[in-house]
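Below, chain A is the first sequence line, B the second, and so on; all start at residue 1. Values below: every heavy atom of this structure, side chains too, minus hydrogens, waters and symmetry copies.
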Amino acid sequence: MLLETVLFYLFATVAIISAVFVVIRKNPVSSAVSLVITFLSLAGLYVLLNAHFVAAVQILVYAGAIMVLFLFVIMLMDLKREEDFFSKLRIQKYFGIVFAVIFLAEGFIAIKAFGTRSLSKEIYTPENIAEAGGNTKVIGKLLFTDFLLPFEVTSVLLLVAIIGAVVLGKKED
Amino acid sequence: MITLTHYLILSGVLFTIGLIGVLVRRSALVIFMCIELMLNAVNLTFIAFSRYLNSLDGQVFVFFVLSVAAAEVVVGLAIIILIFRNRATVNVDEINLMKW
C-alpha cells in the first residue's frame, strides 16, 4: 500500500512537471521529448491501475510510434525557435489561462460532488481477471465479442487515415 | 491510500495544462502535442474509472481512443507539412486565410 502511494506521487509529479515543460519550452524538440516523459509516467500509472495491456500499448504506440512521427516532422521542417513565445494577441493569452483555470475549478467541484462512493458492482475485479487468464487475455476476449463492431470500424478508420496521409503527402505534378 | 479522486484530480490538472497549451502556443506542432496531452488525460480518467468500478470497458475505450489519436496525428501532420510547404511557417496566427 505504501509503495503504491509513493509510486503514484512519483509518477504524478513527473507527469505534471513534464507536461508543463511541453507548454513552456520554446524548442519544439524539447517539447516533444517532455511529452515522451509524460507518456512514460502515464504508462507507469496505468500499471498501478492494473491496466497492463494498455500500459504496454501506451509505450509502443504513443511514446514509440506517434512521438517518432512528431520528431520526424519537426526535423523535416527545420523550424526556427518560436520567436514570440506566446501569442501576439496578449488578451487571448490571459483569457486562455483564466478560462482554463476556471475549467479546472469546475472539474474539481464535480469530483468533490461525486465523492468516492462506488457506482456499481461489476464482475471484473482483479481476482476475477487473474483467474480468467490476465488482463490482456480478458481485454482480447472483450474486443472480439462485445466490442467487435467498433473494433472493425477502427480498422476502417485507420485505412482512411493511411489514404488521407498518402493523398496529402503526394507531390502534385 | 490512493483513491479514485487522486487520479481524477491528476487527470484534470493534465487536461488543463494541455488546454492552456492549445490556447497560448502559436506553433501548430506544439498545439498538436498539447491535444495529445489532453487525450492522455482523458485516457487516465477512463482507466481509473475502469479500475475502481471493476469494469474493463474503460480499458477497451482507451484502445479506441489510441487508434483515433494515431489516425488524427497522421492526417494532421500531413496537413501541417502541406501548409509548411506552401507558406514556410507553422505559426497559426499567420495561417488565417482559407485562400489567397
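Contacts of A:Ile16 with chain B are made by both backbone and side-chain atoms, with heavy-atom separations under 4.5 Å. Of the atoms belonging to B:Ile9, heavy atoms from both backbone and side chain fall under 4.5 Å from chain A. When heavy atoms are compared at a cutoff of 4.5 Å, A:Ile162 does not approach chain B at all. Contacts between B:Phe61 and chain A at a heavy-atom distance below 4.5 Å involve the side chain alone, from C-beta outward. In this structure, the portions of A:Leu104 lying under 4.5 Å from any heavy atom of chain B include both its backbone and its side chain. Interface remark: B:Val90 contributes side-chain atoms only to the contact with chain A (heavy atom separation under 4.5 Å). Within the 4.5 angstrom heavy-atom criterion, no atom of A:Ala65 approaches chain B. Interface remark: A:Phe39 contributes side-chain atoms only to the contact with chain B (heavy atom separation under 4.5 Å). Residue A:Thr154 touches chain B through its side chain alone, counting heavy-atom pairs closer than 4.5 Å. Contacts of A:Phe147 with chain B are made by both backbone and side-chain atoms, with heavy-atom separations under 4.5 Å. At a 4.5 Å heavy-atom cutoff, the contact between B:Val75 and chain A is made by backbone and side-chain atoms alike. For B:Phe32, the parts sitting under 4.5 Å from any heavy atom of chain A are the backbone and the side chain alike. Both the backbone and the side chain of B:Leu29 come within contact range of chain A, judged by heavy atoms closer than 4.5 Å. Both the backbone and the side chain of A:Val20 come within contact range of chain B, with heavy atoms under 4.5 Å apart. Using a 4.5 Å cut-off between heavy atoms, A:Tyr9 contacts chain B through its side chain alone, with no backbone atom that close. Heavy atoms closer than 4.5 Å to chain A are found in the side chain of B:Leu82, but not in its backbone. If you measure heavy-atom distances from B:Val13 to chain A, the contacts under 4.5 Å come from both the backbone and the side chain. The contact between A:Leu35 and chain B is made entirely by side chain atoms (from C-beta outward), counting heavy-atom distances below 4.5 Å. Contacts of A:Phe70 with chain B are made by both backbone and side-chain atoms, with heavy-atom separations under 4.5 Å.
In terms of heavy-atom pairs under 4.5 angstrom with chain B, the leader among A:Gly107, A:Ala12, A:Ser155 is A:Ala12. Between chain A and the options B:Leu19, B:Val62, B:Val92, the largest number of non-hydrogen pairs under 4.5 Å is found for B:Leu19. When each of B:Leu66, B:Val68, B:Ile20 is checked for heavy-atom pairs under 4.5 Å with chain A, B:Leu66 comes out on top. Comparing B:Leu77, B:Val74, B:Ile81, B:Leu56 by how many heavy-atom pairs each has under 4.5 Å with chain A, the most go to B:Leu56. Your options are A:Leu142, A:Val61, A:Leu158, and the one with the most heavy-atom pairs under 4.5 Å with chain B is A:Leu142. The choice from B:Cys34, B:Ser67, B:Ser11 that makes the most heavy-atom pairs within less than 4.5 Å of chain A is B:Ser67. Note on B:Ile79, B:Val73, B:Val60, B:Ile80: by heavy-atom pairs under 4.5 Å with chain A, the leading option is B:Val60.
For A:Ser18 and A:Thr38, the side-chain atoms include at least one donor-acceptor pair closer than 3.5 Å.
In this structure, A:Leu168 is not a member of the same hydrophobic cluster as A:Phe72, with clusters built from ILVMFWY side-chain heavy atoms closer than 4.5 Å. Residues B:Leu8 and A:Leu7 share a single hydrophobic cluster, defined by chaining ILVMFWY side chains whose heavy atoms lie under 4.5 Å apart. Hydrophobic cluster membership is shared by B:Val65 and B:Leu37, with clusters built from Ile, Leu, Val, Met, Phe, Trp and Tyr side chains linked at under 4.5 angstrom.
Put simply, the side chain of A:Leu45 reaches to within 4.5 Å of the side chain of B:Leu10, judged on heavy atoms. Taking the side chain as every heavy atom from C-beta outward, A:Leu42 and B:Asn43 never approach each other to under 4.5 Å. A heavy-atom distance below 4.5 Å is found between the side chains of B:Phe64 and A:Pro150. With a 4.5 Å cut-off on side-chain heavy atoms, B:Leu23 and A:Ile97 do not count as touching. Counting heavy atoms from C-beta outward, B:Asn91 and B:Ile95 have side chains that stay 4.5 Å or more apart. A 4.5 Å side-chain heavy-atom check between B:Phe63 and A:Phe151 finds at least one atom pair inside the cut-off. Side-chain atoms of A:His52 and A:Asn50, non-hydrogen and from C-beta on, do get closer than 4.5 Å to each other. In this structure, B:Gln59 and A:Leu49 have side chains that are not in contact, with every pair of non-hydrogen atoms separated by 4.5 Å or more.
Classification of the B:Tyr7-B:Tyr52 ring pair by plane angle, with boundaries at 30° and 60°, yields tilted.
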### Query
Checking side chain to side chain donor-acceptor pair (under 3.5 Å) for the pair B:Asn40/A:Gln58: CA distance, chi angles, key distance, verdict?
CA-CA 9 Å; B:Asn40 267 277; A:Gln58 167 91 2; 2.9 Å; yes
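Within a 6.0 Å sphere centred on CZ of A:Phe8, heavy atoms belonging to other residues, nucleotides or ligands number more than 12.
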